[in-house]
Colleague: 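Input: one structure, supplied below.
Values reported hereafter were calculated over all heavy atoms of this structure, with side chains retained and with hydrogens, waters and symmetry mates removed. Reminder, nothing fancy here: chain letters follow the sequence lines and each chain counts from 1.
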2 protein chains.
Amino acid sequence: MDEINEVLRKAPLFEALDEEDTAALRSSVNEVRLGRGQTLFNEGDEGDRLYVILSGKVKLTRTAVDGRENLLGVLGPSEMFGELSLFDPRPRTASAVAVTDSVLAGLGHDDLRPFLSSRPQVGLQLLKSLAARLRRTNDVMADLVFTDVPGRVAKALLELADKFGKEGDDGLHVHHDLTQEELAQLVGASRETVNKALAEFALRGWLRIEAKAVVLLDVERMRRRAR
Amino acid sequence: MDEINEVLRKAPLFEALDEEDTAALRSSVNEVRLGRGQTLFNEGDEGDRLYVILSGKVKLTRTAVDGRENLLGVLGPSEMFGELSLFDPRPRTASAVAVTDSVLAGLGHDDLRPFLSSRPQVGLQLLKSLAARLRRTNDVMADLVFTDVPGRVAKALLELADKFGKEGDDGLHVHHDLTQEELAQLVGASRETVNKALAEFALRGWLRIEAKAVVLLDVERMRRRAR
DNA sequence: TCAACAGTGTGACGTATATCGCAACCGAGT
DNA sequence: ACTCGGTTGCGATATACGTCACACTGTTGA
């Protein structure tokens with residue numbers, strides 16, 4: 001239980017809250033458990049709940065009319081998603097699917113309202129996080145236009161490393177839990193080209209490929225390749 | 001003067017304000033006049049001011065290391081920009097350049113703070129508008145991955161039509177004031193391909209090309225081509 | 001133990017689009 | 001009236017990447 005408080009407090013959204021507030025929040029939160037591959041909500045669903053990841057990983061995906069998919073991102077513990085429907089009440093524009101077994105805290109507009117009025121920091125924090133997200137999304141967009149697929153793959157891996165990387169004595173282990181297909185959807189390319197890019201990196205000794213993970217061996221060169 | 005109040009009040013950000021508030025706002029606002037091609041701020045500049053366009057058009061651009069550019073968007077009267085630095089105090093991540101002679105209202109964090117605390121609606125409106133922007137940006141990103149250049153051009157024209165279009169008896173006049181080069185940067189393609197796409201549309205009789213404008217003759221077909 | 005299947009690795013081929021090159025046009029000065 | 005920089009139009013060529021095809025591996029589970 002305490003760990004849940006811990007993770008919740010680490011979430012940027014709630015870092016302004018004190019002990020007492022967090023306790024109040026806990027009571028209005030509902031916990032959701034998802035198994036790997038299970039979907040929390042689908043594009044087009046109604047829903048105004050915001051979720052904070054307590055443990056596990058969740059991917060946000062969009063599906064084109066012809067069925068092709070596109071990953072908006074992969075989120076880990078203490079990250080949140082679903083806020084958009086909270087302030088702009090429309091159907092969800094992305095689906096949320098667990099990439100690993102996950103536990104989430106969900107809370108609705110009504111649960112959040114008291115905090116928004118009594119703790120202005122919460123609102124500001126929300127604005128700040130949306131602003132940061134918007135910046136990041138604009139970056140990714142620029143990459144789609146200017147950077148080739150290997151470059152985007154490198155960038156994506158480095159970002160995943162920031163989030164999920166664990167330093168080991170043989171390199172930086174990034175257990176992203178994504179298939180190459182998903183990785184491809186994340187960078188907006190075909191599975192095959194991503195595979196070839198990875199193979200090329202491995203050949204050069206910049207990384208080692210493992211099942212749903214990579215070990216970065218030469219972060220510096222990856223970084224240079226990325227831009 | 002009254003028209004300025006008018007435009008300000010039309011801005012989503014301030015639509016919750018009454019007569020009195022708007023007057024108060026007016027006093028803390030500073031007016032900026034820009035000539036065509038003049039830049040308001042550059043990527044990397046410090047600055048925490050938000051701008052509302054009173055008249056004219058402004059483009060937001062990003063420049064890659066090699067000098068290539070990318071338009072994030074073109075904004076018209078009553079639209080705002082620059083809010084990101086307001087809540088996430090970092091250097092600007094885009095440059096703002098006037099596409100036509102323009103008049104802007106600028107206000108800083110300090111000018112806005114009183115409204116944020118006394119009128120919770122303003123904060124919510126801001127959240128809502130950021131949420132909407134984020135959605136839109138995600139849409140554009142998906143298009144970059146899934147839609148070919150002619151499709152993206154069609155989409156961009158339809159969007160510009162929504163913003164700047166004027167119904168005439170010979171079609172829907174969209175005076176976007178962009179060169180084909182800028183249009184290309186907006187859709188993330190080369191000037192030449194955009195030119196060819198436009199020529200193709202014109203050949204089919206879907207539109208007529210004019211100087212820094214197009215006249216949409218068959219919106220329905222354009223819409224179909226866009227998706 | 002084997003079948004079935006999801007995921008991975010890699011080559012051959014086609015194509016959309018960038019890049020290059022140049023000609024025509026147009027509006028704004030001088 | 002005439003240049004001249006900024007546009008536009010459009011063909012020729014190069015290439016990165018998607019698509020297709022198939023073989024290989026590992027894992028699950030009957």
Colleague: Using whole Å, what does the distance between atom C1' of nucleotide C:dC25 and atom CD of B:Glu210 come to?
Modeller: 16 Å

Colleague: What is the separation between atom CZ on B:Arg36 and atom C1' on C:dG27, rounded to the nearest whole Å?
Modeller: 12 Å

Colleague: Can you see whether A:Gln185 engages A:Asn70 through a side-chain donor-acceptor pair at a distance of less than 3.5 angstrom?
Modeller: no

Colleague: Could you check if a side-chain atom of A:Arg225 sits within less than 4.5 angstrom of a side-chain atom of A:Phe201, using non-hydrogen atoms only?
Modeller: yes

Colleague: Might you point out which heavy atoms bring A:Ser55 and A:Pro77 nearest each other, and give the distance in Å?
Modeller: CA-CG, 4.2 Å

Colleague: Regarding B:Thr179, tell me which of base, sugar-phosphate or nothing describes its non-hydrogen contacts under 4.0 Å with the strands shown.
Modeller: sugar-phosphate

Colleague: Assuming nearest nucleotide by heavy-atom distance, tell me which of B:Ile209 and A:Arg152 is located more 5' along DNA chain D.
Modeller: B:Ile209

Colleague: Between A:Gln185 (CD) and C:dG7 (P), how many Å, whole number?
Modeller: 11 Å

Colleague: Which nucleotide in the list D:dC17, D:dG11, D:dG18 gets nearest to the side chain of B:Lys196?
Modeller: D:dG11

Colleague: Measure from CD on A:Glu200 to P on C:dT8 and round the result to the nearest Å.
Modeller: 19 Å

Colleague: Does A:Arg68 make a side-chain donor-acceptor contact with the base of D:dG18, cut-off 3.5 Å?
Modeller: no

Colleague: Just checking, is any N or O donor in the side chain of A:Thr193 or A:Arg152 under 3.5 Å from an acceptor N or O on the other one?
Modeller: no

Colleague: When the distance from CG of A:Leu144 to P of C:dT17 is rounded to whole Å, what number comes out?
Modeller: 14 Å

Colleague: Nearest of D:dT8, D:dC17, D:dT19 to any side-chain atom of B:Arg191?
Modeller: D:dT8

Colleague: Is there a donor N/O on one and an acceptor N/O on the other, under 3.5 Å, for the side chain of B:Glu192 and the base of C:dC20?
Modeller: yes

Colleague: Ignoring backbone atoms, establish whether A:Thr193 has a side-chain N or O less than 4.0 Å from OP1 or OP2 of D:dG18.
Modeller: yes

Colleague: Separation of B:Asn195 atom CG from C:dC22 atom P, in whole Å?
Modeller: 18 Å

Colleague: Once you round it to whole Å, what is the distance between C1' of D:dT7 and NZ of B:Lys212?
Modeller: 9 Å

Colleague: So, does B:Gln180 get its side chain near the phosphate of D:dT7, meaning an N or O under 4.0 Å from OP1 or OP2?
Modeller: no

Colleague: Could you check whether B:Asp148 gets within reach of a base, just the sugar-phosphate, or nothing at all, counting any heavy atom under 4.0 Å?
Modeller: sugar-phosphate

Colleague: Can you tell which of C:dT19, D:dG18, C:dT8 lies closest to the side chain of A:Ala189?
Modeller: D:dG18

Colleague: Any side-chain heavy atom of A:Leu84 within less than 4.5 Å of one from A:Leu130?
Modeller: yes

Colleague: Rounded to whole angstrom units, what separation is found between the CD atom of A:Glu181 and the P atom of C:dA6?
Modeller: 13 Å

